[in-house]
A.B. asks: 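I'd like to ask some things about the structure below.
Chain naming here is simple, since letters A, B, ... match the order of the sequence lines and numbering starts at 1 in each.
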Protein chains: 2
Amino acid sequence: MINQYKEQLKEHNLKLTDKRLKLIEVLAGDEKYMSAKEIQSKLADYFPTISYDTIYRNLHTLTDIGVFEQTSLDQEMHYKIACVTHHHHHFICERCGVTQVVEYCPVEKWQNELGDVKLNSHKVELYGYCEKCA
Amino acid sequence: MINQYKEQLKEHNLKLTDKRLKLIEVLAGDEKYMSAKEIQSKLADYFPTISYDTIYRNLHTLTDIGVFEQTSLDQEMHYKIACVTHHHHHFICERCGVTQVVEYCPVEKWQNELGDVKLNSHKVELYGYCEKCA
DNA sequence: TCCTAATTCGTAATCATTCTGATTAAACTA
DNA sequence: TAGTTTAATCAGAATGATTACGAATTAGGA
């Protein structure tokens with residue numbers, strides 16, 4: 001499964017560095033939104049001196065090419081591995097951060113309602129407590 | 001119309017200070033999301049030395065009691081006057097920040113799809129260019 | 001193996017936001 | 001209207017996330 005991401009990196013002429021691959025591994029291994037701090041603490045097991053510059057730069061780069069997706073929670077950016085299958089949104093647990101997919105998205109209804117505006121993107125996020133945290 | 005907000009302040013035992021009232025006036029006069037910086041520059045006409053502490057504190061306080069609503073854009077919080085009429089969401093122009101209401105919200109469908117999670121809140125935001133900015 | 005541009009490092013800088021302790025003023029009471 | 005109380009404000013320092021910078025390292029190709 002990591003090979004799919006290696007392909008994506010190559011397609012964008014990005015080098016396969018150990019930091020990048022481990023970063024992808026960490027995010028791919030846990031289907032939840034994580035802050036830069038959480039990510040650095042997980043990476044610290046493998047790279048104790050990794051720079052925040054490296055973390056942030058790669059989070060941006062990989063978000064740009066669609067490997068990660070981001071959202072702003074508690075005034076800090078959080079990142080998770082992107083879902084490539086099809087368009088959908090997420091429920092996010094406010095306690096533990098785990099996500100659950102929601103398929104339904106009425107974007108055409110909204111476009112109809114809006115009329116002549118040019119819709120570029122949209123965000124749908126559902127917040128609450130997952131079954132474990134409730 | 002400002003009287004409605006004065007009532008809300010009184011209901012929550014908040015004092016009617018000149019800074020607060022002008023802040024509400026500024027946000028109520030422009031139906032768009034504004035950053036703290038934009039807000040301070042508008043307030044500076046009336047209170048050249050107003051402190052950011054005052055601005056942020058009141059933005060929070062008034063958001064808490066439902067006078068303002070907030071969203072995170074470009075890693076900074078933005079605020080607008082709240083719409084009190086009924087539940088709905090917004091389209092936000094990525095260039096000028098103006099908003100447009102969208103009525104449709106399938107929150108029950110999402111709750112059905114999610115099953116046993118406890119849904120506390122949700123965010124729906126549509127981004128793009130308004131007719132003027134397109 | 002060597003070259004070169006991309007990547008990373010360590011740290012300083014920036015920027016939004018929050019905190020602190022002192023001062024001011026809204027609102028209530030007499 | 002003056003006095004009292006307590007919330008609100010101020011100025012500026014502190015915090016915390018994120019970005020920038022110049023030097024050092026390294027992936028990937030020749």
A.B. asks: Starting from the 5' end of DNA chain D, give me the residue, A/Ser51 or A/Lys37, whose nearest nucleotide shows up first.
C.D. replies: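 So the residue in question is A/Lys37.
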A.B. asks: For the backbone of A/Gln4 and the side chain of A/Glu7, can you confirm whether one donor and one acceptor N or O come within less than 3.5 Å of each other?
C.D. replies: no
A.B. asks: Name the closest nucleotide to the B/Glu76 side chain, picking from C/dT17, D/dC10, D/dG28.
C.D. replies: C/dT17
A.B. asks: Quiz question: by atom type and distance under 3.5 Å, do the side chains of B/His86 and B/Glu103 form a donor-acceptor pair?
C.D. replies: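 There is such a pair between these side chains.
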A.B. asks: Between the two ends of the helix from C/dT1-D/dA30 to C/dA30-D/dT1, what is the bend in degrees, rounded to 10 degrees, where each end axis spans five pairs?
C.D. replies: 30°
A.B. asks: Is there a side-chain contact between A/Arg57 and the phosphate of C/dT8, meaning an N or O under 4.0 Å from OP1 or OP2?
C.D. replies: yes
A.B. asks: At 4.0 Å (heavy atoms only), tell me whether A/Asp53 reaches a base, stays on the sugar-phosphate, or touches nothing.
C.D. replies: base
A.B. asks: Can a side chain N or O of B/Thr54 be found less than 4.0 Å away from OP1 or OP2 on D/dA8?
C.D. replies: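 For D/dA8, OP1/OP2 do not have a side-chain N/O of B/Thr54 under 4.0 Å.
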A.B. asks: Closest to the A/Ala36 side chain: D/dG28, D/dT18, D/dA8?
C.D. replies: D/dT18
A.B. asks: So A/Arg20, base contact, sugar-phosphate only, or nothing? Heavy-atom distance under 4.0 Å.
C.D. replies: sugar-phosphate
A.B. asks: Would B/His122 and B/His87 count as a ring-ring contact (aromatic ring centres under 6.0 Å, His included) here? Give the steps.
C.D. replies: CA-CA 11 Å; B/His122 61 282; B/His87 181 77; 5.1 Å; yes
A.B. asks: Would you find a donor on one side and an acceptor on the other, under 3.5 Å apart, between the side chain of A/Ser72 and the backbone of A/Gln75?
C.D. replies: no
A.B. asks: Under 6.0 Å from the CG atom of B/Asp45, do we count more than 12 heavy atoms belonging to anything else shown?
C.D. replies: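 Yes, because the 6.0 Å sphere around CG of B/Asp45 holds more than 12 heavy atoms from other groups.
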A.B. asks: Base, sugar-phosphate, or nothing for B/His78, non-hydrogen atoms under 4.0 angstrom?
C.D. replies: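 Nothing, no nucleic acid heavy atom in range.
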A.B. asks: Is there a side-chain polar atom (N or O) of B/His60 under 4.0 Å from OP1 or OP2 of C/dT18?
C.D. replies: yes
A.B. asks: Any side-chain heavy atom of A/His90 sitting closer than 4.5 Å to one from A/Val102?
C.D. replies: no
A.B. asks: Does D/dC10 have OP1 or OP2 under 4.0 Å away from a side-chain N or O of B/Lys19?
C.D. replies: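 So the side chain of B/Lys19 is within the cut-off, an N or O lying under 4.0 Å from OP1 or OP2 of D/dC10.
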A.B. asks: Take atom NE2 of B/His12 and atom P of C/dA27, then tell me their distance rounded to the nearest Å.
C.D. replies: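 Roughly 16 Å, once rounded to whole Å.
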A.B. asks: I want to confirm an ordering. Mapping B/Phe47 and A/Tyr52 to their closest nucleotides on DNA chain D, which one lands closer to the 5' end?
C.D. replies: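 Final value for this comparison: B/Phe47.
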A.B. asks: Give one of base, sugar-phosphate or nothing for A/Thr17, where a contact means two heavy atoms less than 4.0 Å apart.
C.D. replies: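 Touches sugar-phosphate only.
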A.B. asks: Regarding B/Thr49, tell me which of base, sugar-phosphate or nothing describes its non-hydrogen contacts under 4.0 Å with the strands shown.
C.D. replies: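 Answer is sugar-phosphate: B/Thr49 comes under 4.0 Å of backbone atoms only.
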A.B. asks: Taking side chain to side chain donor-acceptor pair (under 3.5 Å) as the criterion, tell me which of A/Glu125, A/His78, A/Lys80 meets it with A/Thr71.
C.D. replies: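 So, applying the side chain to side chain donor-acceptor pair (under 3.5 Å) to A/Thr71 and each of A/Glu125, A/His78, A/Lys80, only A/Glu125 qualifies.
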